[in-house]
Amino acid sequence: MIDLKLLQRDFDTVKKSLLLKKVDPTLLDELQQKAQELKLSKQTYEELQAEQNSLSKLFGQFKRDGKDTDELKEQIESLKSRVTDAQHNMRVADEALSSLASTVPNIPDESVKAGDSEDDNTLLKHVLEPTEFNFTPKEHWELAEQSGWIDFERGVKIAKSRFAILRHDAAKLERALINFMLDFVHSRGFDEVSVPYIVNEHALFGTGNLPKFEDDLFKIDGEKLYLIPTAEVPLTNLYQNEILRSDELPIKLAAHTSCFRKEAGSAGRDTRGIIRQHQFHKVELVSITTAQQSAEVFEQMLDCASDILTALKLPHRLMKLCGGDLGFSASYTVDIEVWLPGQGCYREISSISNTKEFQARRAKIRYKDNGKNHLAHTLNGSSLAIGRTIVAIMENYQDSSGNIAIPEVLKPYMK
RNA sequence: GGACAGAUGGCAGAGCUGGUUGAAUGCACUGGUCUUGAAAACCAGCGAGGGUCAUACCUCCCAGGGUUCGAAUCCCUGUCUGUCCGCCA
């Protein structure tokens, strides 16, 4: 949720920065107007409440003193309909405001550049140069066919399209990667957590997935429950509606989970291979920090993800997202893209975001500092998406006959 | 899935025969006195959100309705938790 007070105080700046995210400017005008309406209707309602309260108190006194209460009762009675009306007005205004406000994305950080799409993202750095091959490297699905690592047909048979089965060393490699990554992030101070794969709508509201992106989620039929699209949802909401001590922060968490996404709206994209599946494994990092800590923790998370790729000797690059490519909850985001020699391009394998107060305001995550309560900052990042890491290993570690080597750091995990 | 019990501030736990109870008490926490320092003891403070320059003032005792001049307290509905039974990795 964006800061409505800030919107009131400095409308033009908020409007300007949200235009970077392609927010409809009339929506912001409306938002400001609704905020004002709520304020006024609340004021009148509270004044009437105060009057009612004091009369009721008087009523009690009259009764105790044995005085006649008829006149007082009449007075309260005539007030009543005005109170009911005022309450109604206030509620209507409140509902209008919150339903509108919950669909407005986070305000981009000052450092975020304007741009329409991923083509306008800024290259921060390259890590490792793309490997040279003295043959034409194959794409991972071709390699999968030869090695029998991925069974696409039977995945579709038992579920539907965009589900695949990993077999033989690929299944082992998946498990090795999960364990390797969890050990790695643990060495960087992230505490491992095992979380539910099913969450309620309240949690999804907290991270910003609901109400706007329900179509991306698998919902459990007949229940108000959903499969998680990422471990960010359970991890961040662990502290929903809590007031933490500032000396507990930063809280740095990691979890491996499966992630479930409908991939609505990406029909026809990445239909070959396992780049885009309905279910995939991911090791996710989430941090809860004070306002002062979040920028530094962001860098730690970014380094962590990048260093995992470096340890796996996978060439990659860091891209700072432009306003148009930024997600709903993010204030700023750096994507890590891994080099896929078979496809001959870089593909997203991790995304690290600082949402600052945006999710904390929705999920009511606060911390107490010097006796005062503040909204926390929340950050999330993949380290990494397992399926895409398998793709990257397949394409980068292939030889001319289509065999795939195992990265050195994973060998202890592949016994 | 069936039966019963419960849901109060960071935690524990009163209040629940309706009116100075936004809430006793204990613990935790914060500040102070004392001490070389710490502990103990003593004194003071200490729920959250909104509103205001600051006060006033408003809201919140799981959620949503209702009764009443007035509800943490009474009634209804829902959710969740616990215990027992059933089922089960």
Side-chain angles (χ1 to χ4, degrees), chain A residues 1-9 31-32 34-99 101-102 194-206 210-211 219-226 234 237-249 251 258 288 290 357-376:
Chain A
M1 203 90 85
I2 65 162
D3 184 355
L4 289 173
K5 274 188 218 157
L6 180 68
L7 181 86
Q8 304 264 53
R9 197 168 354 104
L31 196 67
Q32 191 195 31
K34 292 233 188 309
Q36 189 60 30
E37 277 168 22
L38 176 63
K39 197 175 172 173
L40 289 174
S41 61
K42 204 167 184 177
Q43 216 166 16
T44 37
Y45 177 46
E46 284 183 1
E47 278 163 13
L48 288 167
Q49 276 186 131
E51 203 175 332
Q52 194 183 33
N53 287 343
S54 67
L55 287 176
S56 281
K57 216 169 258 180
L58 207 60
F59 192 97
Q61 265 173 36
F62 273 38
K63 274 279 183 200
R64 255 198 311 280
D65 301 346
K67 288 191 201 164
D68 181 48
T69 54
D70 286 356
E71 197 184 332
L72 203 54
K73 198 164 184 172
E74 227 169 89
Q75 230 176 319
I76 298 172
E77 211 62 55
S78 70
L79 195 66
K80 222 167 189 183
S81 67
R82 290 168 62 205
V83 175
T84 316
D85 287 352
Q87 186 191 47
H88 177 76
N89 289 341
M90 192 275 286
R91 285 191 180 171
V92 169
D94 187 38
E95 202 157 303
L97 179 66
S98 36
S99 73
S102 63
S194 176
V195 294
Y197 289 14
I198 294 177
V199 292
N200 59 34
E201 46 190 5
H202 194 248
L204 286 156
F205 179 85
L210 286 179
K219 185 172 187 184
I220 313 258
D221 194 28
E223 309 260 3
K224 290 177 175 174
L225 297 169
Y226 299 79
N237 281 288
L238 244 32
Y239 297 97
Q240 117 199 159
N241 210 16
E242 292 193 25
I243 301 173
L244 302 156
R245 295 193 319 267
S246 59
D247 61 20
E248 298 180 83
L249 303 176
I251 293 169
S258 286
I288 318 280
T290 66
E357 294 181 350
F358 187 80
Q359 291 179 329
R361 186 173 287 111
R362 289 174 156 251
K364 298 190 173 60
I365 305 170
R366 292 152 293 172
Y367 63 96
K368 199 181 272 295
D369 193 23
N370 281 321
K372 285 190 75 179
N373 294 332
H374 306 272
L375 288 169

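Everything numeric here is computed off the predicted structure, so don't read it as measured data. In what follows, chains carry the letters A, B, and so on, assigned in the order in which the sequence lines appear, proteins first and then strands, with residues in each chain numbered from 1.
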**Asked** Would one find a side-chain N or O of A:Lys39 under 4.0 angstrom from OP1 or OP2 of B:rG50?
**Response** no
**Prompt:** Of the nucleotides B:rC58, B:rG50, B:rA48, which has the atom closest to the A:Gln49 side chain?
**Reply:** B:rC58
**Message:** Taking only the C1' atom of each, what is the distance from B:rC69 to B:rA63 in whole angstrom?
**Reply:** 26 Å
**Message:** Please report the distance, rounded to the nearest Å, between NE2 in A:His202 and P in B:rC62.
**Reply:** 16 Å
**Asked** What is the nucleic acid contact for A:Ile243, judged by heavy atoms within less than 4.0 Å: base, sugar-phosphate only, or nothing?
**Response** sugar-phosphate
**Request:** Select base, sugar-phosphate, or nothing to describe what A:Lys368 touches, counting heavy atoms under 4.0 Å on all strands.
**Result:** sugar-phosphate
**Request:** Measure the distance from CD on A:Gln52 to P on B:rG19 and round it to the nearest whole Å.
**Result:** 18 Å
**Request:** Starting from P on B:rC60, measure out to CG on A:Asn53 and report it in whole angstrom.
**Result:** 10 Å
**Message:** Quick check on B:rG65: is either OP1 or OP2 less than 4.0 Å from any side-chain nitrogen or oxygen of A:Arg91?
**Reply:** yes
**Request:** Determine: side-chain N/O of A:Lys73 to OP1/OP2 of B:rG70, distance under 4.0 Å, yes or no.
**Result:** no
**Request:** Could you check A:Tyr45 against A:Arg366 and say which one's nearest nucleotide on RNA chain B is further toward the 5' end?
**Result:** A:Arg366
**Partner nucleotide, any strand, of B:rA7 [Watson-Crick/G-U, under 3.5 Å]** = B:rU79
**Message:** For a quick check of understanding: with a heavy-atom distance under 4.0 Å over all strands, which category does A:Lys364 fall into, base, sugar-phosphate or nothing?
**Reply:** nothing
**More than 12 heavy atoms of other groups within 6.0 Å of A:Lys219 NZ** = yes
**Message:** Give me the distance, rounded to whole Å, that separates B:rG82 from B:rC62 when you measure between the C1' atoms they each carry.
**Reply:** 15 Å
**Message:** Atom CD of residue position A:Glu95 - does it have more than 12 heavy atoms of other residues, nucleotides or ligands inside 6.0 Å?
**Reply:** no
**Request:** Report yes if a side-chain nitrogen or oxygen of A:Gln43 is closer than 4.0 Å to either non-bridging phosphate oxygen (OP1 or OP2) of B:rG51; otherwise report no.
**Result:** no
**Prompt:** Hey, does the side chain of A:Lys57 come within less than 4.0 Å of B:rG19's phosphate (OP1/OP2), counting only N and O?
**Reply:** no
**Message:** Tell me whether the side-chain N/O atoms of A:Lys42 come closer than 4.0 Å to OP1 or OP2 in B:rU52.
**Reply:** no
**Complete:** On RNA chain B, more 5' by nearest nucleotide between A:Leu55 and A:Arg245 is A:Arg245
